[in-house]
Amino acid sequence: MSSATVLEKAEELQNIARSISEGQKERADQERVLRRIDEVRTALQGAKVQQQTAILLANRTGVALDTSGFDAARSKLESKSRGGLPSDRAFLDAKRALEAFTSELSTSIKQSWKEWASARIQEVAPAQFVTLGPDERLEATHLYESMKANASRPKVDSASIVTFCSSRDALLEILESAPDDAPEDLLELIHRLEAGGVTLRELSDADIALLRKYEQDIWFTVTRKAD
């Protein structure tokens, strides 16, 4: 009886040890799966950000990029999950696919954005700013610099695209009131007047007529200087 009791206790201890071992293995598997899920979730978030940026780029500029790789990578992981939890290999394959998609799309966005934004900047003639009123000229210069800054950012994101396009729209609205055919002699005359020290005697009838023709005479005041 005593030996049977000892045997039973030994078997019981063995079962307990086996249960503990299986429980540890189960916890290790759970931790592995959770770690893989976090890795894929991070890769998925990065891919979604680039996909959304590409969609915004297409809406604002008309430049359409291929974003099908996002759905392909996600579908691949979903197909591997139908029989239960995906294997390590399935998680890693999905992660790599998402990261590759993110990298390729990011490069395409950057190249396409630089080309489009640079072309829009070239369409603006800063020489027109001089024919604007002082306040409008200051605002036009600020908007123009904002466009250049957002066009040259090393990382293209939704905020830089939106800011660039908003600045461009506002600048074009301001420039609607500026003559687009301002001659070089008008620009030189305005620069000369703004430098100061020009007397009325030094202005020719042609200078005054030029200012009036392009409605620039309203921005200059004639005052009598002290003796």
Side-chain angles (χ1 to χ4, degrees), residues 48-65 67 105-225:
K48 286 174 66 176
V49 169
Q50 292 304 312
Q51 184 195 41
Q52 292 167 355
T53 302
I55 292 173
L56 177 65
L57 180 68
N59 291 338
R60 290 298 185 111
T61 70
V63 177
L65 299 176
T67 61
L105 186 57
S106 176
T107 299
S108 297
I109 289 173
K110 186 175 181 179
Q111 292 175 345
S112 299
W113 171 247
K114 184 176 181 180
E115 292 174 3
W116 185 87
S118 296
R120 302 294 79 76
I121 291 174
Q122 291 298 319
E123 292 173 354
V124 178
Q128 287 183 278
F129 298 177
V130 76
T131 63
L132 297 169
D135 292 340
E136 287 185 324
R137 187 187 313 175
L138 185 63
E139 179 66 12
T141 301
H142 171 75
L143 293 170
Y144 183 69
E145 292 302 322
S146 172
M147 288 173 61
K148 292 197 297 182
N150 283 284
S152 60
R153 290 188 184 281
K155 181 181 178 181
V156 181
D157 54 20
S158 297
S160 59
I161 294 175
V162 170
T163 302
F164 179 97
C165 293
S166 297
S167 296
R168 176 174 178 259
D169 291 343
L171 178 57
L172 292 179
E173 185 176 353
I174 291 175
L175 292 179
E176 285 181 358
S177 60
D180 55 8
D181 59 343
E184 187 65 28
D185 53 350
L186 173 62
L187 302 181
E188 292 178 357
L189 175 59
I190 292 175
H191 283 305
R192 184 158 60 97
L193 291 172
E194 290 187 332
V198 180
T199 64
L200 188 59
R201 176 177 294 181
E202 294 172 315
L203 290 178
S204 67
D205 292 342
D207 289 335
I208 296 174
L210 189 60
L211 291 172
R212 288 178 174 170
K213 177 181 179 181
Y214 289 92
E215 299 182 347
Q216 297 302 301
D217 52 331
I218 62 172
W219 303 117
F220 298 96
T221 302
V222 178
T223 59
R224 183 184 180 91
K225 68 177 182 178

Beyond-backbone contact of [X] with [Y], side-chain heavy atoms, under 4.5 angstrom:
X: Leu187; Y: Thr131; value: yes
X: Leu132; Y: Leu175; value: yes
X: Asp207; Y: Leu193; value: no
X: Ile161; Y: Val156; value: yes
X: Asp157; Y: Ser160; value: yes
X: Tyr144; Y: Val124; value: yes
X: Phe220; Y: Ile190; value: yes

Under the 3.5 angstrom rule, does the side chain of Ser146 hit a backbone N or O of His142 as a donor-acceptor pair? no

Could you tell me whether the side chain of Ser152 and the main chain of Ala149 form a donor-acceptor pair under 3.5 Å? yes

Locate the shortest heavy-atom distance separating [X] from [Y]; write the atom from each residue and the value.
X: Asn150; Y: Trp113; answer: O-NE1, 3.3 Å
X: Cys165; Y: Trp116; answer: SG-CH2, 4.1 Å
X: Phe164; Y: Ala117; answer: CZ-O, 3.7 Å

Quick one: list whatever passes side chain to side chain donor-acceptor pair (under 3.5 Å) with Lys148, sequence neighbours left out. Glu145

Residues in side chain to side chain donor-acceptor pair (under 3.5 Å) with Gln111, at least two apart? none

[atom1]/[X] to [atom2]/[Y] distance, rounded to the nearest 0.5 angstrom?
X: Ser118; Y: Met147; atom1: OG; atom2: CE; answer: 10.0 Å
X: Ile208; Y: Lys213; atom1: CD1; atom2: NZ; answer: 16.0 Å
X: Leu171; Y: Glu176; atom1: CG; atom2: CD; answer: 10.5 Å
X: Ser112; Y: Lys114; atom1: OG; atom2: NZ; answer: 12.5 Å
X: Ile174; Y: Glu139; atom1: CD1; atom2: CD; answer: 5.0 Å
X: Arg120; Y: Ser167; atom1: CZ; atom2: OG; answer: 15.0 Å

Checking Asp169 against Ser166: is there a side-chain donor and acceptor pair closer than 3.5 Å? no

Scan Asp185, Leu203, Asp217, Asp205 and name whichever one has a side-chain contact (heavy atoms from CB on, under 4.5 Å) with Leu210. Asp185

Residues, nucleotides or ligands: over 12 heavy atoms within 6.0 Å of Arg192 CZ: yes

Would you say Glu173 has more than 12 foreign heavy atoms packed within less than 6.0 Å of its CD? no

Extract all donor-acceptor atom pairs below 3.5 Å that involve side chains of residues 52-64 and protein atoms in other chains or at least two apart in sequence.
unit_1	atom_1	unit_2	atom_2	d
Thr53	OG1	Val49	O	2.9
Asn59	ND2	Ile55	O	3.3
Thr61	OG1	Leu57	O	2.5
Thr61	OG1	Val63	N	3.1

